[in-house]
Amino acid sequence: MVNIKDWVQGMSSTVKLYLVDSYLRKCSSFLLDFVCERGSRYYIVLDRSIFHPRGGGQPCDIGWLVGDGFRFFVRKVLDVYGVLVHYGKVVDGEMPNRGSMVKCILDWDRRYRVMRLHTAGHIIDYAVNQVYGRVVETLDALHGPPKPYIVYNESPPSENDLRRIEAIANRVVEERRPVEIFFASREGLEDRVIGAPNIDRLPRADKYRIVSIKGVNAIPCTGTHVRNTGEVGRIIIDNVEILDKGFKLFYNVS
C-alpha cells in the first residue's frame, strides 16, 4: 500500500497548465518520480501537467502518458499538497527513467464535455439566484459524468421555478457571453467576486483564480471552462431530489 502523502512530502508543486489554458490537449513534461502500486500500476509525478485532478466539483481527467517505447493510461489524478499524482497502468513497454520526457495527451472528448458542464453549472447557479432572489449556498456538486448535479441549501423549487431556472440559464447560453479567467489577491477579493455562493468558505491563499461570465457572475474556481457560453449547448434540468438539507438538482447539456 503506497502512502501518497508521505511520498510527495518535499516535492515541488506541479505546474498546472489547465489553470491558464483549458484548451491544451497535449504537452511535454519531465517525469520526476514514480512508485509502483502493484504489477503494472503506478503513481507518477510530472513537473507540469494538463490533467485536472478530481476536486472543486469536477471529476479528474483521463488520458495518456507516452514516451519512447512507453504508453501509460492515466485513469485518476490526485492533488496532494499541490503535487499532481497521476495514477494508472503501463499498457505498452516499461516505465522510463526518472528525468525522461513524456507527452501528456488528454481524452479530449471527455475533457471538453466536462468544460461545457462546469460552465453550465456556473450558469445554473446564476439562474437559481435569480429565481430565489438571493445568492443560494451550494453544498456539493459534480460537473461531469456520470450524472451532473448541484446541491443547494434551500427549499426545493416548484415545477414552475425549475422551468424558469432552465429558461434563464439557456438565455445566458444563447447570448454567447464571454467566459474569462483572472487572478485576484485576498485583499479586495469580495469586490471582484459576483454571485459566488461560498465565498466565506474559501481557504486562505495568496491569490485566487476567478472564472467570470460577463454580466452573470465571477466565482473563485480552479476548474476548466469554455471560452463563451454559446459552447455550452442547451442546458437541460433533468429532475430534483429532495434532501434532508436542501435539494439536489440534476442537469445535463446537449
Side-chain angles (χ1 to χ4, degrees), residues 18-19 22 52-60 79 113-173 177 179-184 186 189-205 208-226 229 232-233 235-253:
Y18 58 82
L19 292 177
S22 296
H52 191 288
R54 182 180 177 92
Q58 183 166 318
C60 67
D79 188 336
R113 181 162 186 80
V114 168
M115 288 164 58
R116 292 169 59 213
L117 286 167
H118 202 152
T119 304
H122 284 214
I123 295 171
I124 292 170
D125 284 345
Y126 166 77
V128 167
N129 291 347
Q130 291 293 300
V131 168
Y132 280 83
R134 60 187 175 278
V135 176
V136 178
E137 180 187 18
T138 60
L139 301 177
D140 188 20
L142 176 63
H143 303 300
K147 199 169 183 180
Y149 66 82
I150 309 170
V151 177
Y152 292 101
N153 185 18
E154 187 54 84
S155 57
S158 66
E159 183 62 30
N160 182 59
D161 285 341
L162 281 180
R163 300 287 69 84
R164 288 176 62 203
I165 290 168
E166 188 176 71
I168 291 169
N170 280 300
R171 194 176 309 134
V172 172
V173 170
R177 292 175 178 259
V179 182
E180 299 173 341
I181 306 295
F182 66 88
F183 293 86
R186 185 73 195 191
L189 178 63
E190 293 188 12
D191 296 331
R192 307 290 302 275
V193 169
I194 303 168
N198 300 323
I199 187 69
D200 294 334
R201 301 211 306 258
L202 281 177
R204 295 293 305 181
Y208 297 87
R209 180 177 184 264
I210 313 297
V211 176
S212 172
I213 302 176
K214 187 174 182 180
V216 173
N217 51 28
I219 297 177
C221 177
T222 61
T224 56
H225 291 267
V226 294
T229 61
V232 169
I235 295 174
I236 302 162
I237 304 299
D238 284 333
N239 63 289
V240 165
E241 178 184 338
I242 300 174
L243 307 175
D244 290 338
K245 186 175 182 180
F247 65 93
K248 180 184 283 190
L249 185 153
F250 292 94
Y251 74 97
N252 217 321
V253 295

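Being a predicted model, the structure only gives us computed values, none of them experimental. Just so it is clear, the values below take in all heavy atoms, side chains as well, and ignore hydrogens, waters and symmetry mates.
- Residues meeting the side chain to side chain contact (heavy atoms under 4.5 Å, CB included) test with Thr138, sequence neighbours left out: Asp125, Ile150, Tyr152, Pro197, Asn198.
- Looking at residues two or more places apart in sequence or on another chain, you find a side chain to side chain donor-acceptor pair (under 3.5 Å) between Arg177 and Glu175.
- Scanning for side chain to side chain donor-acceptor pair (under 3.5 Å) contacts around Asp79 gives Lys16, with sequence neighbours left out.
- Judged as a salt bridge (charged side-chain N to carboxylate O under 4.0 Å, His left out), and not counting sequence neighbours, the contacts of Arg134 are Glu154.
- Counting only residues at least two apart or in different chains, side-chain hydrogen bond (donor to acceptor under 3.5 Å, both in side chains) contacts with residues 210-222 are absent.
- In this view, Ala184 and Phe182, Leu189, Arg192, Ile210 satisfy the side chain to side chain contact (heavy atoms under 4.5 Å, CB included) rule, not counting sequence neighbours.
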Validation: residues 238-253 side-chain donor-acceptor distances under 3.5 Å, sequence neighbours left out:
residue, atom, partner, partner atom, Å
Tyr251, OH, Leu117, O, 2.8
Tyr251, OH, His143, ND1, 2.8
Asn252, OD1, Arg113, NH2, 2.6

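- A search for side chain to side chain contact (heavy atoms under 4.5 Å, CB included) contacts involving Ile194 returns Ala218, not counting sequence neighbours.
- Taking Tyr126 as the reference, nothing meets the ring pair (Phe, Tyr, Trp, His ring centres under 6.0 Å) condition, with sequence neighbours excluded.
- Scanning for side chain to side chain contact (heavy atoms under 4.5 Å, CB included) contacts around Arg163 gives Glu159, Glu166, Ile237, with sequence neighbours left out.
- Scored by the side chain to side chain donor-acceptor pair (under 3.5 Å) test, Tyr149 finds Asp140 as partners (sequence neighbours excluded).
- When the side chain to side chain donor-acceptor pair (under 3.5 Å) test is applied to Tyr208, the partners found at least two apart in sequence or on another chain are Arg186.
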